[in-house]
Each structure stands twice: as structure tokens, then as C-alpha cells.
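The figures here come from the full heavy-atom set of this structure, side chains too, leaving out hydrogens, waters and symmetry mates.
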Amino acid sequence: MSNILYDLPGPRARARNLVIGVVTAVAVVAVAVYVVSRFIATDQFSTLRTTQFQYTAVQQELANGLLATLKAAAIATVLALVFGAVFAAARLSDHAVIRVPAAWIVELFRAIPLLILIFFFYYVPLQYKMHLPTLWALVFGLTLYNGSVLAEIFRAGILAVPRGQSEAAYAIGLRKSQVMTSVLLPQAVRAMLPAIVSQLVVLLKDTALGFIITYPELLYVAKQIGGRGSFDFPYVVSYLVVAAIYIGICGALSAFAYWLQKRMGRSRRTAAKPVPVDQGNASTAGATV
């Protein structure tokens, strides 16, 4: 099938791909060198602008911002997974009265920009003299948006399992809930895992939108640190430090997902060990036959 859908490149195609790759790499390196040189030329990494990161108080601010980011991401991840699982099951229901409203809800929250959802949960309660903490305004927005995307991931993963699996399960008398939990989900999770982890990484990065409603996450803390005139407004250094933290967290999450997928995909030995045959009995049985 791979040979039918894709022809292996010949010598000229491989040479052309090599040239394109080299040119792209050189262009990326050139852009990076130019950006760094401009930072150096404008004295963005001066001693004055980097001094405050040596203070324990500033390091504690970054740690508090990291904890706030992880807290919002952890709560939103759990709620989004639950939301996605419930609405994926509803969209797969045999009853239209359940399936159609679930489809409308999922498509609605997928279509609304995340920032609008965050603004909705932050400003609408204020119109009615109520106060919703910024943490929950951010979490509810993340939950609805990412949960609707996860619902589609779950639904697509379950539908990707060959139909014969569910038909065989129904043939031996299993109920639909048993078919879903015992047959379809274990097979679908392996296929869904990369997409699920990718969406959770997006959720983690989207917590940075919390700075717009003054939630004290990493980006908000970086803005506060960078706006200090006594240190010559070190915005570039502050944002680079926060970017490095985000890269480390997302890289660790992706590495864990790769390890988990590899572990789940590892085949287990289920074959029984061969039973030793008694030579005397075997010869007797052969003679009897």
C-alpha cells in the first residue's frame, strides 16, 4: 500500500530535497543569528537587565507564576478530559435526543475563540455584581474550548477502530457500555494518545492568556518583572526566561507521552509455554496408534 500511495524519491529528487533542507536550515540559522545580534546591539543582555534574576525574591516570583500556571493547567486538564469523554460518548449515542444536542454544544465551543470564553466568564459575572476568581474564569474557558476539541479526538479515535471489533463483541452478548469500555477504548487510546497529548500541550500554553485578566501566571509575572524601570525594563530577558520554562515543561510532557505510547504499544507475551512430552508415553501412544 505504501508503494502504491507514495513513490520513493530517485537520485534527482533526493538531491533536490537535500538542497531544500540545507537552504532552509541556513535560513533559520541566519534569522536566529540576526535576532541575537540585534539583541546584543541594543544591549538587551546587559548586566543591569539580568541582575535581578539573581535575587531570591525574583526567583520566588517566577516559581509562584509557574505554580499558578501548573495549577490552572492541571484543573483544566482534568475537567477537559471529563468534558471530552462525556460529550464524545453522547455524540456516539444511538438516541438522537442525546446525540444532536451534544453535537451542537461541541461545535459551538470549538467555534468560539478561547479568549472570548475567558472574557465571558470573567466579565459577565461582574455585570450581575458577582465575582468569579480569575483562576476559575481561565479554567472554565480552557475546559470548554479544549474539552470540545478532545471530544472530537475521542470520537474519531473510537470510530477508527475496525467495525468488526464491536460486531464481534455484540455477537458474544456484550452490552454497549461493555463494548465501549472493554473493546473499543483500549484499542482507541493507543491511536488517540499523540493527539490527546498535543492538545494538552496546547492547553498548557493557552494558560498564558490568563495574564489578560490579571491571573498571576508565568507571562503575567514576566510582564511585571520586565516592567521595572530600575533595571532598565528587561522585557526581552524576562520573556526569554519564561519561554525557556514553557519549552522545558512542554518537552517533558511530550517525552512522557512518547514513553507512555511506546510502553502501551509494546506487545506482551501471551503464548503458553510448551508442555514437555514424556518420551515413554509418547512412544507407547505411537505404538498404540
Side-chain angles (χ1 to χ4, degrees), residues 14-73 76 113-119 122 134 137-138 141-142 145-146 149 194 197-258:
R14 288 197 298 267
R16 183 173 60 251
N17 294 340
L18 178 61
V19 171
I20 293 174
V22 171
V23 171
T24 303
V26 171
V28 171
V29 172
V31 171
V33 170
Y34 174 76
V35 172
V36 173
S37 65
R38 293 306 304 164
F39 285 162
I40 296 174
T42 55
D43 205 20
Q44 297 296 328
F45 303 117
S46 64
T47 304
L48 178 61
R49 287 174 173 169
T50 58
T51 298
Q52 66 171 326
F53 292 97
Q54 301 175 7
Y55 296 139
T56 304
V58 175
Q59 296 172 3
Q60 186 62 44
E61 287 183 54
L62 290 172
N64 293 338
L66 176 60
L67 290 177
T69 294
L70 295 178
K71 180 179 180 181
L114 174 58
L115 191 58
I116 293 179
L117 292 175
I118 296 174
F119 280 163
Y122 182 72
T134 54
L138 176 61
L142 292 172
Y145 180 78
N146 293 279
V149 176
V197 174
S198 297
Q199 191 61 38
L200 295 182
V201 170
V202 171
L203 185 153
L204 175 63
K205 293 187 293 185
D206 284 345
T207 56
L209 294 175
F211 91 97
I212 299 178
I213 57 174
T214 67
Y215 177 67
E217 45 76 47
L218 268 176
L219 185 59
Y220 182 82
V221 172
K223 183 180 179 182
Q224 298 298 316
I225 294 175
R228 291 168 181 166
S230 57
F231 293 95
D232 200 15
F233 299 103
Y235 282 108
V236 172
V237 180
S238 301
Y239 291 145
L240 288 177
V241 170
V242 169
I245 295 175
Y246 273 114
I247 291 173
I249 297 174
C250 294
L253 183 59
S254 299
F256 173 75
Y258 175 78

Side chain to side chain contact (heavy atoms under 4.5 Å, CB included) for Ile245 and Leu66? Distances and angles first, verdict last. CA-CA 8 Å; Ile245 295 175; Leu66 176 60; 3.9 Å; yes
Can Val202 and Gln199 be said to form a side chain to side chain contact (heavy atoms under 4.5 Å, CB included), step by step? CA-CA 5 Å; Val202 171; Gln199 191 61 38; 4.1 Å; yes
Pair Ile249-Leu70, side chain to side chain contact (heavy atoms under 4.5 Å, CB included): steps then yes or no: CA-CA 10 Å; Ile249 297 174; Leu70 295 178; 4.2 Å; yes
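Heavy-atom minimum distance, Val242 versus Ala222: CG2-CB, 3.3 Å. Of all heavy-atom pairs between Val201 and Ser254, the closest is CG2-OG, 4.3 Å. Nearest heavy atom pair, residue Ala137 against residue Ile213, reads CB-CD1, 4.0 Å. Between Thr207 and Ala72, the shortest heavy-atom distance links the atoms CG2-CB, 4.4 Å. Scanning both residues, Gly65 and Val221, for their nearest heavy atoms gives CA-CG2, 3.8 Å.
Atom CG of Leu142 sits about 9.0 Å away from atom CG of Leu117, to the nearest 0.5 Å. If you take CZ on Phe231 and CD on Gln52, they are separated by 5.0 Å, rounding to the nearest 0.5 Å. Atom CG in Leu219 sits 10.5 Å away from atom CD in Gln224 (nearest 0.5 Å). Here CZ of Arg228 is found 8.5 Å from OG of Ser238. Values are rounded to the nearest 0.5 Å. Considering OH of Tyr246 and OG1 of Thr69, their distance stands at 4.0 Å, rounded to 0.5 Å. Separation of atoms CG (Leu62) and CG (Leu67) is listed at 11.0 Å; rounding is to 0.5 Å.
When atom types are taken as modelled, the side chain of Arg49 and the backbone of Gly226 share no donor-acceptor pair closer than 3.5 angstrom. Checked by atom type and distance alone, the side chain of Glu217 pairs as donor or acceptor with a backbone atom of Tyr220 at under 3.5 Å. A donor-acceptor pair is defined here as one N or O able to donate and one able to accept, closer than 3.5 Å; such a pair exists between the side chain of Tyr215 and the backbone of Ala68.
Inter-residue side-chain proximity for Ile212 and Ile118 is flagged as unmet; no heavy-atom pair is nearer than 4.5 Å. Between Phe45 and Phe39 there is a side-chain heavy-atom pair separated by less than 4.5 Å. Inter-residue side-chain proximity for Ile225 and Val58 is flagged as met; some heavy-atom pair is nearer than 4.5 Å. Under the 4.5 Å side-chain criterion, counting only non-hydrogen atoms from C-beta, Ser46 is in contact with Asp43. Residues Thr50 and Pro234 are not in side-chain contact: their nearest non-hydrogen atoms beyond the backbone lie 4.5 Å or more apart. In this structure, Pro216 and Phe211 have side chains that are not in contact, with every pair of non-hydrogen atoms separated by 4.5 Å or more. Between Tyr239 and Lys223 the shortest side-chain heavy-atom distance falls below 4.5 Å.
Listed by chain and number, the residues in a ring-ring contact (aromatic ring centres under 6.0 Å, His included) with Phe119 are Tyr123 (sequence neighbours excluded). Residues that satisfy the side chain to side chain donor-acceptor pair (under 3.5 Å) test with Arg14, not counting sequence neighbours, are absent from this structure.
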Do any side-chain atoms of residues 22-37 form donor-acceptor pairs under 3.5 angstrom with protein atoms, and if so which ones, sequence neighbours left out?
unit_1: Thr24; atom_1: OG1; unit_2: Ile20; atom_2: O; d: 2.8
unit_1: Ser37; atom_1: OG; unit_2: Val33; atom_2: O; d: 3.1
unit_1: Ser37; atom_1: OG; unit_2: Tyr34; atom_2: O; d: 2.6

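Counted within 6.0 Å of OH on Tyr145, heavy atoms from surrounding residues, nucleotides or ligands total 12 or fewer; the atom is thus considered open.
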